[in-house]
Amino acid sequence: MVASEVKDLARETASATQMVAEQIAGIQDSARSVSSGIHTTSDTIGQMDTVQSPITAILEDQAHLARLLNER
């Protein structure tokens, strides 16, 4: 009787270990997806900053010219 109980316990332990391994793999996959999303978002923000800087300079120039025209 004891040997069969040990076998059952070993099977349950193996099954639980497999379940934990699958859950860890799922968490790792999710973490990779989140990391990729963060990287993509960071790249997009960098591209927006690259575009936004010249626009800001142009708008500042236009504001300056508008002030000069108003002074005349």
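Every value quoted in this text rests on a predicted model; they were computed, and no experiment measured them.
Distance check, rounded to the nearest 0.5 Å: CE of Met19 to CD of Glu12 gives 10.5 Å. With values rounded to the nearest 0.5 angstrom, Lys7 atom NZ is found 8.0 Å from Ser4 atom OG. Here the CD1-OG1 distance, from Ile55 to Thr50, works out to 11.0 Å after rounding to the nearest 0.5 Å. Considering CD of Glu60 and CG of Leu65, their distance stands at 12.0 Å, rounded to 0.5 Å. With rounding to the nearest 0.5 angstrom, the CD atom of Glu22 is 4.5 Å from the CD atom of Gln18.
The two residues Val51 and Pro54 have their closest heavy-atom pair at O-CD, 3.2 Å.
No donor-acceptor pair closer than 3.5 Å links the side chain of Ser42 to the backbone N or O of Ile38. Between the Ser15 side chain and the Arg11 main chain, no donor and acceptor come within less than 3.5 Å of each other. The closest donor-acceptor contact from the side chain of Thr40 to the backbone of Ser36 lies under 3.5 Å.
Side chains of Gln52 and Thr56: a donor on one and an acceptor on the other come within 3.5 Å.
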